[in-house]
Amino acid sequence: MERKAVRRRVLPGIAMITALAAGVTGLAGCTDGNGMGITSDQKGGGSTAAPAQPGKYRSLPQPCKAADSKRLKAMLPAADSLTTQQREQLYAGTAEPSFDGDRHVGCRWNAQAPEGTLLLSVTFERVVSYDRAAASDDDKAHTVFVRRLTDAHLPFPGITGSPSPSTAPGTAPGASASPAQPSGSPASTPAPASAPPSASPSAPASAPASPSTAPELGSRVLEGLGSEAYLDDKLSPAGASAAQSRTVRIVFRTSNVLVTIEYSVQPSGPAAIPSSAETQDKTRQLAQALAERFSE
């Protein structure tokens with residue numbers, strides 16, 4: 001009987017110890033790494049970064065009304081034979097079809113003049129990032145701009161492929177601008193003191209470029225226009241009867257909007273070649289005006 005009584009007293013004690021051990025195990029499973037008893041639900045890699053704010057622009061202006069009439073008339077001079085109504089239709093432009101006016105819109109102008117055909121187009125594109133936790137709208141627009149810059153075969157800003165200033169124009173890279181010395185002769189031979197002057201003074205050592213030849217500015221990255229910009233200048237190949245047309249395209253980014261301006265000059269005569277400087281200057285002036293409008 002005494003043994004049974006001892007067993008009755010021991011069994012409740014064992015049960016209590018077992019319950020306490022189970023409670024301690026449960027608390028250990030709920031503690032964090034510091035033993036503070038705080039439930040942790042963090043995944044590997046740290047906390048998730050907050051998504052970037054939307055881009056600056058939520059909508060786009062009307063492209064056919066973006067350029068002022070004075071600038072349009074300078075780029076697209078109307079023929080004298082046009083009536084007032086025809087002139088109004090010319091400068092009103094033709095809107096490009098768009099499925100979303102807040103994402104992509106454009107406008108085109110076409111002017112027929114006695115000296116040739118003039119074409120102008122303006123396009124606005126608003127870029128949106130669908131995962132702003134990974135990239136903002138501006139970052140996505142920059143990626144699109146870089147892709148177009150690469151397609152135009154232009155170097156990135158800060159990377160120049162032009163020859164060094166010491167290289168003379170028309171000289172192959174690495175070649176010296178001075179004439180080569182004949183083999184076996186010293187590097188520099190002083191002329192005799194009694195040497196007569198050159199017999200042909202009319203032929204200087206380096207003839208200057210003809211002043212009648214207009215310089216070709218070429219395609220390049222632009223500075224001071226929006227967030228980033230480039231200019232692409234292309235002249236069509238010369239033909240036996242077809243005239244050479246020049247097309248200047250400027251693409252610039254301002255925040256999450258890309259603006260593309262394309263100006264094409266097609267002379268009516270095969271001998272005429274559109275001026276690179278004049279065509280680029282008119283296109284740049286329009287691009288600058290549009291960039292200022294976005295900054296308002």
Quiz item: Within a reach of under 6.0 Å around CD of Q62, are more than 12 heavy atoms found that belong to other residues, nucleotides or ligands?
Solution: no
Practice problem: Take atom NZ of K140 as the centre, draw a 6.0 Å sphere, and report whether it contains more than 12 heavy atoms from other residues, nucleotides or ligands. | Solution: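 Result for NZ/K140: open.
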Quiz prompt | Minimal non-hydrogen separation, D137 against S129, with atom names | solution =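 In this case the closest contact between D137 and S129 is OD1-N, 2.8 Å.
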Exercise. Locate the shortest heavy-atom distance separating A152 from Y230; write the atom from each residue and the value.
Key: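 Closest approach of A152 to Y230: CB-CE1, 3.9 Å.
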Quick one: are [X] and [Y] in side-chain contact, heavy atoms under 4.5 Å?
| X | Y | result |
| --- | --- | --- |
| T143 | V146 | no |
| V122 | E262 | no |
| W109 | L119 | no |
| R220 | L222 | yes |
| L225 | I250 | yes |
| D102 | R58 | no |
| E125 | T260 | no |
| V248 | D232 | no |

Short side-chain to backbone donor-acceptor contact, [X] and [Y], under 3.5 Å:
| X | Y | answer |
| --- | --- | --- |
| T283 | T279 | yes |
| R108 | T94 | no |
| R126 | R103 | no |

Quiz item: When you check the side-chain N and O atoms of Q112 and T117, is any donor under 3.5 Å from an acceptor?
Solution: yes
Quiz item: Do the side-chain N and O atoms of D138 and S255 include a donor-acceptor pair separated by under 3.5 angstrom?
Solution: yes
Quiz prompt | Criterion side chain to side chain contact (heavy atoms under 4.5 Å, CB included) on K234 and S236, from CA distance to verdict | solution = CA-CA 6 Å; K234 291 185 178 179; S236 65; over 6 Å; no
Exercise. For the pair L231 and L154, evaluate side chain to side chain contact (heavy atoms under 4.5 Å, CB included) and give the outcome as yes or no after the intermediate values.
Key: CA-CA 9 Å; L231 182 150; L154 291 176; over 6 Å; no
Exercise. Using the side-chain contact (heavy atoms from CB on, under 4.5 Å) rule, pick out the option among S98, C64, P61 that qualifies with V105.
Key: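 Result: among S98, C64, P61, S98 is the only option passing the side-chain contact (heavy atoms from CB on, under 4.5 Å) with V105.
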Quiz prompt | Derivation and outcome, side chain to side chain contact (heavy atoms under 4.5 Å, CB included), residues V257 and V127 | solution = CA-CA 6 Å; V257 170; V127 182; over 6 Å; no
Quiz prompt | Check: F294 ring centre within less than 6.0 Å of F252 ring centre | solution = no
Exercise. Under the side chain to side chain contact (heavy atoms under 4.5 Å, CB included) rule, what do Y263 and L118 come out as? Steps first, then yes or no, please.
Key: CA-CA 8 Å; Y263 184 44; L118 303 171; 4.1 Å; yes
Quiz item: Below 4.0 angstrom, N of the basic side chain to O of the carboxylate: do R148 and D151 qualify?
Solution: no
Exercise. Test D233 against every option in R284, R249, R246 by the salt bridge (Lys or Arg N to Asp or Glu O under 4.0 Å) rule and name the one that passes.
Key: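 Passing option: R246.
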